[in-house]
*Asks:* 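Sharing a structure with you now.
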Amino acid sequence: MTAHVRISLPDGSAREMPRGTTAAELAAAIGPGLAKAALAARVDGELVDLERPIEHDASVALVTAKDEADALELVRHDYAHVLAEAVQRLFPGTQITFGPATEDGFYYDFAPPPGRGPFTEADLPVIEEEMRRIIRADKPLRREVWDRDALIARWKAEGEHFKAEWAAQLPEGEEITVYWSGDDWMDMCRGPHLPSTGRLDPEAFRLTRVSGAYWRGDPRNPQLSRIYGTGWLNRKQLEAHLARLEEAAKRDHRRLGREMGLFHLQEEAHGSVFWHPRGWMIYRQLEAYMRRRLDAAGYLEVRTPQLMSARQWEQSGHWGKYRENMFVVPDEIPATEDGKPIVSGKGEFLALKPMNCPAHVLIFRQGLKSYRDLPLRLAEFGCCHRNEPHGALHGLMRVRQFTQDDAHIFCREDQLVSEVAAFIDLLDRVYRDLGFARYAIKLALRPAQRFGSDAMWDWAEQSLRDAVAATGRNTPEHGWEELPGEGAFYAPKLEFHLEDAIGRTWQVGTIQTDTVLPERLDASYIGEDGARHRPVMLHRAILGSFERFIGILLEHHAGRLPMWLAPVQVVVATIVSDADGWAGEVAAALAAAGLRVETDFRNEKINLKVREHSLMKVPVMLVVGRREAAERTVAVRRLGEERQETLPLDTLVPALVAEATPPDLRSAA
RNA sequence: GCCGCUUUAGCUCAGCCGGUAGAGCACAUCAUUCGUAAUGAUGGGGUCGUCAGUUCGAGUCUGACAAGCGGCACCA
């Protein structure tokens with residue numbers, strides 16, 4: 001043991017410092033500017049407090065606000081602690097539990113004092129003010145290692161039962177640390193933290209909302225009161241973030257749906273969509289596109305019943321596993337009492353299908369199948385009903401009635417990998433056609449509770465891995481990742497997560513192997529050997545549900561859909577009524593060429609017409625006045641552009657037709 | 001399903017301490033024919049989410065229910 005340690009710095013230089021030197025002292029030795037800017041340090045890659053002594057040779061990097069990811073993580077974690085301290089000061093008797101940094105801020109879960117309900121938004125300004133006081137007081141944050149039993153005793157004595165439980169469950173052998181804020185408040189925490197609360201910007205955070213949250217995420221546990229905040233390094237960043245939120249709110253598909261007249265939802269059919277003509281046009285275009293893609297990929301479209309006997313759902317296993325989410329109707333004409341229906345309960349029950357898979361197996365079972373029939377790909381734009389928990393419903397994104405771009409592929413075991421690989425290629429084509437450049441592929445592996453043998457799971461998981469490898473997409477650039485424990489109870493699955501224009505991700509596509517359902521519903525085929533075999537069944541979807549996918553499309557494009565999907569592609573707007581005749585001819589020519597055209601002959605100013613059609617996100621506006629009528633031309637104005645271009649019809653029509661052609665119908669460039 | 005909030009005209013919202021509703025936009029009518037994001041005037045429109053309760057009187061206070069919003073949990 002020498003008295004010195006050798007510290008290598010990120011610029012390649014190295015320094016000898018006395019053993020036990022802290023990162024703060026190191027920063028001071030390098031320069032006063034750095035000492036002031038340093039927030040924490042990375043010692044051999046591990047993020048630690050500035051006050052942590054360096055006990056052996058190490059590479060050390062000081063973390064400043066310039067290391068944004070680290071700095072934000074630190075700052076948000078600190079805001080969470082300041083929040084907890086503020087709440088305990090203002091509301092004595094509140095128990096603290098847990099409060100991490102999140103993607104854009106932080107939260108902290110509290111158990112409010114007995115007799116006081118959960119925190120409400122009205123409490124937030126007061127808490128914010130207290131937080132600012134703590135930040136301005138510039139309280140030093142100090143790390144301290146504690147003995148587990150002593151800490152548990154202390155938490156119990158202070159009535160912090162959640163903390164005591166947490167401490168008791170920390171893994172054996174793990175160092176247990178607390179952080180002091182000044183010398184009058186502490187919380188158990190792994191750290192690291194900033195040197196003092198004063199390093200936070202009192203104007204760079206905002207408490208945003210309150211919510212209930214279950215202790216340890218389990219609904220059987222007590223519900224805690226969670227306070228969310230957003231936190232940044234400085235005020236400017238906070239303002240930029242708030243502006244981004246506003247931008248996201250403008251893209252909200254519920255708002256766009258109303259503004260663009262696409263659909264509505266109402267109480268009498270909550271969770272089911274009323275599609276208006278314009279919204280339904282988007283749906284039709286998307287469905288027609290998918291149908292062409294599936295036809296070309298060798299799928300056979302089918303249509304199966306909405307209602308099937310509960311007996312059938314018992315046999316498929318849904319009755320046991322999924323009944324809570326199924327709509328069940330009696331197969332009888334109900335008696336009435338005071339106008340209210342009375343069900344005898346003696347008759348049979350039918351259930352609205354929550355999934356299409358059993359019905360597809362029933363089609364498969366009609367007639368003896370040969371190995372020559374496989375793979376058999378049965379597709380259905382299947383309308384399903386699921387009685388979702390009420391709190392889960394959300395615009396088009398989570399509904400009770402929806403239509404999947406569903407299909408089930410029945411194949412032999414040796415066809416599995418090539419079928420999955422072909423599916424991934426199809427899905428890739430579709431996402432790119434729809435304007436999504438990036439998506440991540442994840443493999444959800446066997447959960448703890450599952451059906452089937454380990455051998456089956458080994459085989460199924462490896463097959464999916466192999467299939468992704470066959471497409472070359474098992475790389476970090478494709479977001480390739482394996483998720484242990486996330487699979488369905490009967491099989492592993494691949495998940496496809498789309499990234500949208502503002503960086504959010506949406507799980508849409510999926511493909512999963514299934515050997516359980518063919519077994520339960522006794523699906524079989526005759527192999528080359530003349531014996532019966534079980535087919536493997538693949539459940540797969542690319543868009544997931546049309547409803548949700550259209551919601552995602554609207555938010556991704558901020559309502560400005562690509563021309564082939566736009567409900568109205570062109571509006572011909574007149575400036576004076578003298579131009580109506582020519583405008584009518586223009587519209588007729590475009591309609592004859594297959595474009596979706598509307599005319600606007602209203603006695604209104606062109607300013608108003610441009611504004612209204614722009615707000616409706618019509619991609620192309622053709623403005624026609626006396627001049628155009630005389631010259632037999634149109635002035636083309638594109639959505640969001642002020643530039644205009646005057647063109648004769650015979651060049652305009654083919655150009656617009658080309659632009660409005662769905663991507664799969666375009667001739668290869 | 002759980003926690004919090006919200007529900008007033010088609011939309012966005014105002015309505016103080018309880019005294020039978022108001023704005024802007026939209027809509028209708030009239031005038032205006034006007035060159036690229038709101039022409040002007042006039043007018044019609046509300047059982048204040050539903051059901052109970054308190055009160056001489058409830059949009060306003062209380063309760064239940066429903067839906068919506070933000071989370072949590074759920075999403076075989």
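The analysis underlying the following values was restricted to heavy atoms, covering all of them including side chains, and did not include hydrogens, waters or symmetry mates. Just so it is clear: chains get the letters A, B, ... in the order the sequence lines come, proteins before strands, and each one is counted from 1.
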*Asks:* Specify the separation, in whole Å, of atom CZ of A:F119 and atom P of B:G70.
*Replies:*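 After rounding, the gap between these two atoms is 23 Å.
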
*Asks:* Look at the side-chain N and O atoms of A:R220 and state whether any lies under 4.0 Å from the OP1 or OP2 oxygen of B:A73.
*Replies:*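 Negative; the distance criterion is not met.
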
*Asks:* If we take the C1' atom in both B:G22 and B:U29, what is their distance in whole Å?
*Replies:*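 Looking at atom C1' only, B:G22 and B:U29 are 23 Å apart.
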
*Asks:* Can you check the A:D580 CG to B:G35 P distance for me, whole Å?
*Replies:*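 Going from CG in A:D580 over to P in B:G35 covers 15 Å.
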
*Asks:* Measuring only the P atom in each nucleotide, how far is B:U39 from B:U33? A whole number of Å is fine.
*Replies:*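 One P to the other, the span is 15 Å.
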
*Asks:* Over all strands shown, is A:H318 touching base, sugar-phosphate only, or nothing at heavy-atom distances under 4.0 angstrom?
*Replies:*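 The residue A:H318 makes base contact.
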
*Asks:* Before accepting this row, confirm whether a basic side-chain N of the pair A:E103/A:R76 lies closer than 4.0 Å to the acidic partner's carboxylate O.
*Replies:*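 No, no charged N to carboxylate O under 4.0 Å.
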
*Asks:* Among B:A37, B:U39, B:U36, find the nucleotide with the atom closest to the side chain of A:Q644.
*Replies:*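 Output: B:U36.
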
*Asks:* C1' atom, B:G4 versus B:A73: distance in rounded Å?
*Replies:*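 The answer is 15 Å between these two C1' atoms.
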
*Asks:* Looking only at side-chain N and O atoms, does A:H390 come under 4.0 Å of OP1 or OP2 in B:G68?
*Replies:*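 Result: no.
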
*Asks:* Given atom CD of A:E324 and atom P of B:G1, what is their separation to the nearest angstrom?
*Replies:*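 In whole Å, B:G1 P and A:E324 CD are 12 Å from each other.
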
*Asks:* Measure the distance from CD on A:E604 to P on B:G40 and round it to the nearest whole Å.
*Replies:*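 Distance check: A:E604 CD to B:G40 P gives 11 Å.
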
*Asks:* Please work out if A:R209 contacts a base, only the sugar-phosphate, or nothing of the nucleic acid, heavy-atom cut-off 4.0 Å.
*Replies:*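 Sugar-phosphate, no base atom in range.
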
*Asks:* How is A:M621 classified with respect to the nucleic acid when contacts are heavy atoms under 4.0 Å: base, sugar-phosphate, or nothing?
*Replies:*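 Nothing, no heavy atom under 4.0 Å.
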
*Asks:* Looking across every strand, which nucleic acid part, if any, lies under 4.0 Å from A:R258 by heavy atom: base, sugar-phosphate, or nothing?
*Replies:*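 Answer is sugar-phosphate: A:R258 comes under 4.0 Å of backbone atoms only.
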
*Asks:* When the C1' atoms of B:G46 and B:U12 are considered, how many whole Å apart are they?
*Replies:*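 Rounded to whole Å, the distance is 16 Å.
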
*Asks:* Checking contacts here: which listed nucleotide (B:U39, B:A76, B:U33) is nearest the side-chain heavy atoms of A:V576?
*Replies:*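 Closest nucleotide to the A:V576 side chain: B:U33.
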
*Asks:* Atom CG of A:N607 and atom C1' of B:U36: how far apart are they, to the nearest Å?
*Replies:*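 Between C1' of B:U36 and CG of A:N607: 6 Å.
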
*Asks:* Of the nucleotides B:U39, B:C74, B:C5, which has the atom closest to the A:A392 side chain?
*Replies:*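 My answer, after comparing the listed nucleotides, is B:C74.
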
*Asks:* Could you tell me whether A:E555 and A:R504 make a salt bridge, using a distance below 4.0 angstrom between a side-chain N and a carboxylate O?
*Replies:*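 Looking at A:R504 together with A:E555, the answer is yes, because their closest N to O distance falls below 4.0 Å.
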
*Asks:* Select one nucleotide: of B:C69, B:G4, B:A73, the one nearest the side-chain heavy atoms of A:P118.
*Replies:*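 Nearest nucleotide to the side chain: B:G4.
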
*Asks:* Using 4.0 Å as the upper bound for N to carboxylate O, is an ion pair formed by A:K493 and A:D514?
*Replies:*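 Result for this pair is no, no salt bridge flagged.
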
*Asks:* Hey, are A:E631 and A:R626 close enough for a salt bridge, meaning a charged N less than 4.0 Å from a carboxylate O?
*Replies:*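 So A:E631 does not pair with A:R626 through a salt bridge.
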
*Asks:* Tell me, yes or no, whether the heavy-atom count around A:E642 atom CD, taken from other residues, nucleotides or ligands under 6.0 Å, exceeds 12.
*Replies:*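 No.
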
*Asks:* Using the C1' atom on both, measure B:G57 against B:G43 and round to a whole Å.
*Replies:*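 Pairwise C1' distance, B:G57 against B:G43, rounds to 33 Å.
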
*Asks:* In whole Å, what separates the C1' atom of B:A23 from that of B:A14?
*Replies:*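 Straight-line distance between the two C1' atoms is 7 Å.
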
*Asks:* In whole Å, I'd like the distance from the CD atom of A:E388 to the C1' atom of B:A76.
*Replies:*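 Spelled out: CD on A:E388 to C1' on B:A76 is 12 Å.
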
*Asks:* Answer yes or no: does a side-chain N or O of A:Y228 lie under 4.0 Å from OP1 or OP2 of B:C72?
*Replies:*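 So the side-chain polar atoms of A:Y228 do come within 4.0 Å of the phosphate oxygens OP1 or OP2 of B:C72, strictly under.
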
*Asks:* With C1' as the reference atom in both, quote the distance from B:C11 to B:C75 in angstrom, rounded to an integer.
*Replies:*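 Nearest-Å result for B:C11 against B:C75 at atom C1': 33 Å.
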
*Asks:* In terms of side-chain heavy atoms of A:E267, which of B:U12, B:A76, B:A67 is nearest?
*Replies:*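 Nearest nucleotide to the side chain: B:A67.
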
*Asks:* Should A:R216 and A:D218 count as an ion pair when the cut-off is N to O under 4.0 Å?
*Replies:*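 Judged by the 4.0 Å cut-off on N to carboxylate O distance, A:R216 and A:D218 do not form a salt bridge.
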
*Asks:* Looking only at side-chain atoms of A:Y490, point me to the closest of B:A76, B:G70, B:G4.
*Replies:*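 From the listed options, B:A76 comes nearest.
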
*Asks:* Nearest of B:G35, B:C74, B:U36 to any side-chain atom of A:I575?
*Replies:*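 Among the listed nucleotides, the one closest to the side chain of A:I575 is B:G35.
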
*Asks:* Respond yes when some side-chain nitrogen or oxygen of A:R626 is under 4.0 Å from OP1 or OP2 of B:U33, and no when none is.
*Replies:*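 Indeed not, no polar side-chain atom of A:R626 lies that close.
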
*Asks:* Which residue, A:G117 or A:I606, contacts RNA chain B at a nucleotide closer to its 5' end, judged by nearest heavy atom?
*Replies:*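 Result of the comparison: A:G117.
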
*Asks:* In terms of the angle between their ring planes, are A:F549 and A:Y431 parallel, tilted or perpendicular, with boundaries placed at 30° and 60°?
*Replies:*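 A:F549 and A:Y431: parallel rings.
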
*Asks:* How long is the line joining CG of A:L265 and C1' of B:C11, in whole Å?
*Replies:*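 Distance check: A:L265 CG to B:C11 C1' gives 16 Å.
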
*Asks:* Side chain of A:F489: nearest nucleotide among B:U36, B:A38, B:A76?
*Replies:*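 That would be B:A76.
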
*Asks:* Taking atom P in both B:C27 and B:A66, what distance in whole Å separates the two?
*Replies:*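 These two P atoms come out 37 Å apart once rounded.
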
*Asks:* Has A:R627 got a side-chain N or O lying under 4.0 Å from the OP1 or OP2 atom of B:U36?
*Replies:*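 It does not, given that no N or O in the side chain of A:R627 lies less than 4.0 Å from OP1 or OP2 of B:U36.
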
*Asks:* Pick base, sugar-phosphate or nothing for A:A573, based on heavy-atom distances below 4.0 Å to the nucleic acid.
*Replies:*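 Result for A:A573 = nothing.
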
